[in-house]
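Below you'll find the structure, written out as structure tokens, and then a few comments.
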Amino acid sequence: MNMMQVMQSVVWAVLLWPCLVSLGVPLECKDEQGSIILCASISKEKLLDRVIQHAELIYRVSEESCTLFEEMFVPFSMRSQRNQAGYTCATKAFPIPGSKSEIQQISDKWLLHSVLILVQSWIEPLVYLQTTLDRYDDAPDTLLKKTKWVSEKLLSLEQGVVVLIRKMLDDDMLTTSYYEQGVAPYDLQPEVLESVLRDYTLFSCFKKDAHKMETFLKLLKCRQTDKYSCFLH
């Protein structure tokens with residue numbers, strides 16, 4: 001067993017517990033005429049395209065939000081203290097394949113379930129961010145709106161990925177769970193410095209994971225046409 005296979009086994013052992021959960025309500029999509037239809041009623045190719053577009057938007061807004069928070073609340077001298085203070089990303093167990101051989105070895109199932117677990121691991125932390133941002137005296141309305149928008153769109157992305165898994169893997173039931181380290185309880189009245197560093201960590205880590213979601217979905221799309229020519233730059 002090579003290193004990539006070992007890593008996949010470790011990730012699945014840690015993140016996928018034998019807990020069956022029912023599929024959620026299918027995401028509503030719009031057709032070419034703008035009419036609302038259920039995502040389950042469109043082809044998997046079109047659904048994958050829409051899910052990718054969703055992930056792209058989420059990543060772009062997460063970048064904007066992280067930059068805005070950093071500029072507003074994080075002095076330059078503090079930006080290197082995040083890791084030193086022990087604030088690290090909880091979902092770092094998902095490595096992006098770094099070579100063509102690694103890309104060829106991973107499965108569509110691994111990609112789809114990895115995206116779903118990443119999405120689910122951020123639902124609760126983003127709700128927390130909305131709560132804690134309300135306590136900042138000078139939090140710009142733009143940042144509050146972006147955080148709320150991303151939180152809502154993440155739920156839509158979850159629904160889309162669930163339908164996509166059903167279509168591509170013929171899974172009527174999924175074995176998934178929240179990544180517990182990503183949804184740890186939050187103290188709603190921490191010290192100011194601690195609060196800023198923790199929130200900055202959440203923005204930064206979500207941006208990284210949003211990029212992984214987008215990357216994995218685009219890799220999945222590439223593999224549908226030519227599995228052996230896909231490569232991440």
Side-chain angles (χ1 to χ4, degrees), residues 7 11 14-15 52-98 114-158 178-219 232-233:
M7 183 62 71
V11 170
V14 171
L15 299 178
I52 289 173
Q53 291 170 3
H54 222 65
E56 288 175 337
L57 286 172
I58 288 174
Y59 174 54
R60 187 177 72 189
V61 176
S62 72
E63 279 191 305
E64 296 170 354
S65 300
C66 186
T67 299
L68 185 56
F69 184 87
E70 185 177 77
E71 292 174 348
M72 287 290 300
F73 302 111
V74 187
F76 187 80
S77 60
M78 285 177 53
R79 295 177 189 179
S80 62
Q81 295 181 22
R82 181 166 57 88
N83 292 334
Q84 296 174 5
Y87 293 94
T88 57
C89 299
T91 52
K92 61 183 179 181
F94 282 105
I96 293 180
S114 296
V115 171
L116 181 60
I117 292 170
L118 283 170
V119 169
Q120 291 179 333
S121 73
W122 279 103
I123 291 174
E124 188 174 324
L126 286 180
V127 172
Y128 159 79
L129 270 178
Q130 292 181 68
T131 301
T132 190
L133 285 175
D134 284 335
R135 297 187 291 108
Y136 284 74
D137 293 334
D138 301 321
D141 191 53
T142 302
L143 181 60
L144 297 174
K145 288 181 177 179
K146 286 180 183 293
T147 305
K148 181 179 179 181
W149 182 91
V150 168
S151 183
E152 293 172 349
K153 294 303 179 184
L154 199 66
L155 292 173
S156 296
L157 180 61
E158 179 193 25
Y178 285 103
Y179 186 31
E180 296 297 336
Q181 293 184 15
V183 292
Y186 296 105
D187 177 8
L188 296 180
Q189 293 183 333
E191 295 296 328
V192 175
L193 176 59
E194 179 185 351
S195 178
V196 170
L197 285 175
R198 185 171 62 191
D199 296 345
Y200 181 41
T201 299
L202 287 174
F203 275 113
S204 300
C205 292
F206 178 67
K207 180 181 71 172
K208 291 179 181 179
D209 282 348
H211 180 247
K212 287 182 180 180
M213 297 173 204
E214 178 189 352
T215 299
F216 288 165
L217 289 168
K218 287 183 174 179
L219 177 56
L232 299 177
H233 297 286

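A quick note: this is a predicted structure, and the numbers were derived from the prediction, not measured.
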Residues L202 and W122: closest non-hydrogen pair is O-CH2, 3.5 Å
*asked:* Is it the case that the side chains of T132 and R135 hold a donor-acceptor pair, with the cut-off being a distance below 3.5 Å and no angle test?
replied: yes
Value for NE2 (H211) from CG (D209), rounded to nearest 0.5 Å, stands at 11.0 Å
For L217 and A55 the tightest heavy-atom approach is CD1-CB, 3.8 Å
Separation between CG (D199) and OG (S195), nearest 0.5 Å, reads 4.0 Å
Rounding to 0.5 Å, atoms CD (E71) and SG (C66) come to a distance of 10.0 Å
* Asked: Can you tell me if Y59 and E63 form a side-chain donor-acceptor pair at under 3.5 Å?
  -> yes
Rounding to 0.5 Å, atoms CD (Q53) and CG (L157) come to a distance of 12.0 Å
Separation between CG (L129) and OG (S65), nearest 0.5 Å, reads 9.5 Å
Residues passing the ring-ring contact (aromatic ring centres under 6.0 Å, His included) test with F69, sequence neighbours excluded, are F73, Y136, F203
Closest heavy-atom pair, K212 versus L118, reported as atoms and distance to 0.1 Å, is CB-CD1, 4.0 Å
CG of L57 to CD1 of I52, rounded to nearest 0.5 Å, is 12.5 Å
Scanning both residues in full, the closest heavy-atom pair of S62 with K207 reads OG-CA, 3.6 Å
Correct closest heavy-atom pair for M213 and V119 would be SD-CG2, 3.7 Å
Atom pairs and distances, side-chain donor-acceptor, residues 142-149, under 3.5 Å, sequence neighbours left out:
from, atom 1, to, atom 2, distance (Å)
K145, NZ, D141, OD2, 3.1
K146, NZ, E64, OE1, 2.6
T147, OG1, L143, O, 2.8

Residues at least two apart in sequence or cross-chain that pass side-chain hydrogen bond (donor to acceptor under 3.5 Å, both in side chains) with E152, listed by chain then number, are none
Minimal heavy-atom distance between I123 and E158, with the atoms involved, is CD1-OE1, 3.6 Å
